[in-house]
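Shown next, in structure tokens, is the structure this report addresses.
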Amino acid sequence: KYRKHLDKTYAHLPRARRLLVSLTSLPIVDADSGADICLRWENVQRMIATTDDPSAFVKQVLKEFAAFLESKGLAPINMPKITSTLLASWHDAKRLEHSLAKVLEKLRTDPEINKITSFRQVNRADKNWIGISGQNFFWAGFCIKGTEMYMWVEITLPGDKRSLRRQLTPPLAKSFENATKYLEDWEDNDAVNRDVGDLTKVLGSRFVFAQSVNQDTEPDSERLFQWLYDTSLAVIAMATPGKSSKRG
């Protein structure tokens, strides 16, 4: 029916310019569909994820849409080479991931934090990040990049709120400074930490805070939770003028 509609509506165009494109998640398309070009969602996701648009706003939108498609199983599946080393480390890695998810679930269900996260669940956006999200582009969780793991909390406030940088408490100011290094590693220029250009009118004021997790030590889940909790309360307070964090 799509072919008939196309040919009828655009009959004034040459047949070579009346192309019917199908977009599907299936690897095989029915030959009788009449499609001239058959695209799969995983091809679209790959193109979106690798597009380097000069506009920071467009780049962020494409990044989020690519992550959304991946969360729906509409991205390419890149299987690593299966080796004895990989299999031996599998259970250790899954145990760590499960522990991090439990810390985040405790954070998500806290009454104060749940006001901004609502029904959103702990989510692993990609291979590097696991966390929770909320209003005002709030995000709190963990990142594992290479051989380093760090905690991350961010929020985006409408308009130009860069003046708030001068009002950060010493612990928040330190975490704010820590995040700058990681933003540079990711070549992320959208946050007010780096202050690369004035994107506040388009994107708002994105504040990012980070704290490295020491290696070769037995992680203290309460300590990890406490940093995420205190920092989350502080950024939520930043988004709520006149409200102060319970923990400061």
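Residue numbers count from 1 along this sequence.
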Mind checking whether V44 and V21 sit in one hydrophobic cluster, side chains of I, L, V, M, F, W, Y counted as touching below 4.5 Å? yes
Check: R206 side chain, F137 main-chain N or O, donor-acceptor pair, under 3.5 Å: no
Nearest 0.5 angstrom please: Y150 OH to S175 OG, how far? 14.0 Å
Got R3 and D36 here, is their nearest side-chain heavy-atom distance under 4.5 Å? yes
Distance-only, no hydrogens or angles: does the D188 side chain make a donor-acceptor pair with backbone N or O of D190 under 3.5 Å? yes
How are the rings of F65 and F68 set to each other: parallel, tilted or perpendicular (split at 30° and 60°)? parallel
Under a 4.5 Å side-chain heavy-atom rule over Ile, Leu, Val, Met, Phe, Trp and Tyr, are L96 and W90 clustered together? no
Any donor-acceptor pair under 3.5 Å linking the side chain of R165 with the backbone of R162? yes
Output the distance between atom CD1 (I113) and atom CG (L233), rounded to the nearest 0.5 Å. 4.5 Å
Do any N or O atoms from the side chain of R18 and from the backbone of L13 form a donor-acceptor pair under 3.5 angstrom? yes
Would you call the rings of W186 and W129 parallel, tilted or perpendicular, taking 30° and 60° as the class edges? tilted
Are R108 and E105 close enough for a salt bridge, meaning some N to O gap below 4.0 Å? yes
Closest heavy-atom pair and its distance - A173, L168: N-CB, 4.0 Å
Any Lys/Arg nitrogen of K4 or D7 sitting under 4.0 Å from an Asp/Glu carboxylate oxygen of the other? no
